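Computed from a predicted structure; not experimentally measured.
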Amino acid sequence: MTRRKIKIGLVDADLLCNGTRHPNLALLKIAGYFRDNGYVRGYTDDANCYELITNESNFEELKKYNYFYVSCVFTFTIDNPPLVLTTLLNDKKLSKRVRMGGTGTYANLSEEQGFAEKREEDMLKLEKDAFLNTLKNKSGSYGIDMQIQMPDYHLYDDFISAMENVKASDVYYKDYKEYSIGFLTRGCFRRCPFCVNKLERKVMPYSKLSDFLDNEIDEKTGKLKRPYIYLWDDNFLASPNWESLLDELIATKRPFQFRQGLDERLIAQHKRGEDIARKLASANYHGDFIFAFDNWSDRKVIVKALKIWKYYCPKKETKFYLFCGFRQSMKDYKKFQLDVAEIFMRICVLMRYGCLPYIMRHEDYKKAPLSNIYVQIARWCNQPGFFRNLSFWQFCYKNQTFWEEHTLGREPSKLKTYEEFLEDYNNGYYDEIGISTPLKTVVDFLNQFKEHKDLFLSFFNMSFKQMIDSNLWYRDTEIILGGVKFTLNTDFWDNLIGNSVYEQVLLKAFYTHKDVSLLEDEKKSKLLLEVLKKHKCSEILKIIKDGFEPAKIDKKDISQFSDFRDAYYTVPYMLQNCGLKDVDYSKMGYMLRAEKRKDVADKKYGENHMKTAAQLGLCRFERCRGNANALGSCFVKLSEADRRNILPKLCLYIPFIQNYFIAGATDKVRDEILSILSHTTQVRRRSNVNTIIHTIKESIDYEL
């Protein structure tokens, strides 16, 4: 008699109620366990199988499964369970087949309500599961070992294929398709009362990287299907093995990211905090660096850490999770007011250090007297485009102008200050047209706390661009030349010109990209240009070679332009003299060309030439916008002869050009550098690269 085949249903409870854009790691590992034991992915009558249960499943289909493994990360899923989950839990027969776990089933419990017992039970539930213990893990013993189990990264494939036809964004499901996912460590010592690790005391090793690193190759492209790594570690930097683990991640040459964020405080508190910052900042990190600033009481140590971090990572985006809304109640107005004030005080610190906030609301925020203020602050902070360009007040009022324009059909109006708004409000203007929810929320909040209205208005009017102060993390640059350490302090600058050793030190500081102030400080830029005039390219190459470390080159780092003079002269000249700030690609392309072309052509032309100017150090470029810098402004004011003299030396500032010359300056070396590009792109950019190379070689030939 044929033995009946086992059917397993895997349920991502949060996915059923649209609560996440991340795959559930526990389910991926359970799926991998069944796969390793010969189970087939996808429902079939002919074999043991496992399948992801979706909202499309009906009651009759659910009855076909022998076991259901349900994982729930978020408590709000349990508070308002989706229909499929409700059916599984409430039907007498089906509920007996359900094994359910995850932080969402207990995270909000207090210690008095049994948090410790529930967490312990949840952490061991799968290892004690009677059915799972009939199967073997990869070590050969019975039962699932979640630490060493390789996930089945294809569990969500059918769901994604169906949903990608519905979702507008083609990157919505990238976390499901492009990442190897896991924990290298578990636990934390901070014991934050709102965290699932609130009873933990230390960080322990967990999985090895090889336990979850996926090496599957895409047959069509020949490249890794999952080229990125993301990690869910609770407090990675508190691990005694942080450095060896970080080195292992770096050695994969895959971009990686810690999704839970990293503990910024440890950069200030750890005896090797400087090493942590230096190594992290130089790593091939994927996306924004994310830390946490959960409590205003941590401000001193956060500021100390920021001074270190921003020194090593002045350019790459840094975000901070800002936790809020914890233990709020409808009756406690004082606690609510303080919580909102502390959000803005933390935002103020982050603005000054050029960092972005990301609001993380605890479920308790809904119990606050005016809970929607949390929603509006999150909408402002969590959309960087708005946060960078608008104060909180401007953001809320912009919602009003958008509503008036698109709902009432009115002409777009300018942003009003609070005082201008209040005048119109008192004159009855808004009685006629109404007020949008964001604006009404702010007005209600200010009216509720009239005694502190001026304070909150000052918070609401804070501007990211006006608050940034790079002097907060600036420190005198230290350069090692010939084994000797030099500090670029006041004495150095006062005695620079005519001191051959100091001049060489300055050149090394410039060509190693160690001191951004050389590009931004007018006095230093002028001195740098004076030194560049005096030194030959051949001399500069010897300085670059001293302790040289090849730069990591990405596709975007290979120069592209149509007219080299537009890149090294016209772009910095335009940025200096056009009277505009934050010039975008299209505007620059329009200004560079005598004849108007198609918008897309102008945009590409502006992008290519502005990026090349930035590679030469002649403008500031970030977030698709260009601005004048001191070096570019000083350079364009030089005579034509001086610019011709200095241009080849600026070409040596480009990292991939340095790699080329130090590696031998041959056609073979050039082609190896270009090999990161597609064949057709190599052909297009080779002439640009040759132009830069020949500019330098002609200067060297002239010197000889």
Side-chain angles (χ1 to χ4, degrees), residues 192-195 261 264-265 291-306 319-384 386-388 390-397 399 417-419 421-422 437-469 472:
C192 299
F194 50 80
C195 181
E264 172 84 358
R265 292 166 289 185
F291 298 99
F293 187 179
D294 291 329
N295 302 294
W296 176 240
S297 58
D298 291 329
R299 62 191 179 279
K300 289 183 179 179
V301 71
I302 290 290
V303 165
K304 183 178 178 182
L306 277 170
K319 285 183 180 177
F320 277 77
Y321 291 136
L322 297 190
F323 181 73
C324 62
F326 187 48
R327 292 176 179 167
Q328 290 295 310
S329 73
M330 286 295 294
K331 297 179 180 179
D332 198 337
Y333 278 77
K334 186 175 181 179
K335 186 173 185 178
F336 167 60
Q337 174 186 278
L338 181 62
D339 195 42
V340 174
E342 289 188 351
I343 292 174
F344 280 93
M345 290 190 286
R346 285 179 284 164
I347 289 172
C348 178
V349 171
L350 297 183
M351 281 182 168
R352 296 185 73 202
Y353 283 87
C355 299
L356 301 179
Y358 190 94
I359 300 295
M360 302 287 282
R361 292 167 285 164
H362 189 273
E363 287 282 283
D364 290 349
Y365 90 88
K366 297 175 184 176
K367 304 173 185 176
L370 295 170
S371 63
N372 196 255
I373 193 74
Y374 289 106
V375 176
Q376 302 311 325
I377 297 170
R379 290 180 64 235
W380 172 54
C381 289
N382 299 1
Q383 299 181 81
F386 288 126
F387 182 81
R388 286 193 193 90
L390 300 170
S391 68
F392 180 59
W393 167 259
Q394 289 171 330
F395 169 76
C396 292
Y397 194 81
N399 278 264
T417 64
Y418 176 75
E419 290 72 24
F421 158 78
L422 196 59
T437 298
L439 186 58
K440 185 176 187 304
T441 299
V442 173
V443 172
D444 289 347
F445 183 89
L446 292 172
N447 287 336
Q448 179 64 51
F449 301 105
K450 291 180 180 179
E451 70 277 18
H452 298 298
K453 190 173 189 176
D454 290 343
L455 173 64
F456 280 107
L457 273 175
S458 70
F459 287 150
F460 295 172
N461 284 315
M462 290 189 306
S463 165
F464 180 71
K465 290 183 177 179
Q466 293 176 1
M467 294 282 286
I468 296 174
D469 183 2
L472 291 171

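Between F387 and F464, a ring centre-to-centre spacing shorter than 6.0 Å is recorded. Close placement of the F445 and F336 rings is indicated, their centers lying within 6.0 Å of each other. For F386 and W380, the ring centers are positioned 6.0 Å apart or more.
In terms of heavy atoms, V349 sits closest to L306 at CG1-CD1, 4.1 Å.
D339 and Y374 share a side-chain donor-acceptor pair at under 3.5 Å. Between the side chains of N372 and Q376, at least one donor-acceptor pair of N or O atoms lies under 3.5 Å.
Other residues, nucleotides and ligands place more than 12 heavy atoms under 6.0 Å from the CD atom of E419. The local environment of CZ in R352 is sparse, with at most 12 non-hydrogen atoms from other residues, nucleotides or ligands closer than 6.0 Å. Counting heavy atoms of neighbouring residues, nucleotides and ligands inside a 6.0 Å radius, atom CZ of F326 exceeds 12 of them.
In this pair, F460 and F344 present their aromatic rings tilted. The plane angle is within the 30 to 60° band.
Listed by chain and number, the residues in a side chain to side chain contact (heavy atoms under 4.5 Å, CB included) with N295 are S297, D298 (sequence neighbours excluded).
The closest donor-acceptor contact from the side chain of K335 to the backbone of R327 lies under 3.5 Å. Checking side-chain atoms of S371 against main-chain N and O of A368 turns up no donor-acceptor pair under 3.5 Å.
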Requested in this report: Take Y321 and F293 through the test ring pair (Phe, Tyr, Trp, His ring centres under 6.0 Å) and record every step on the way to the result.
Outcome: CA-CA 6 Å; Y321 291 136; F293 187 179; over 10 Å; no

Query raised in the report: Run the ring pair (Phe, Tyr, Trp, His ring centres under 6.0 Å) check on F323 and F194 step by step: do they pass?
Result: CA-CA 9 Å; F323 181 73; F194 50 80; 3.8 Å; yes

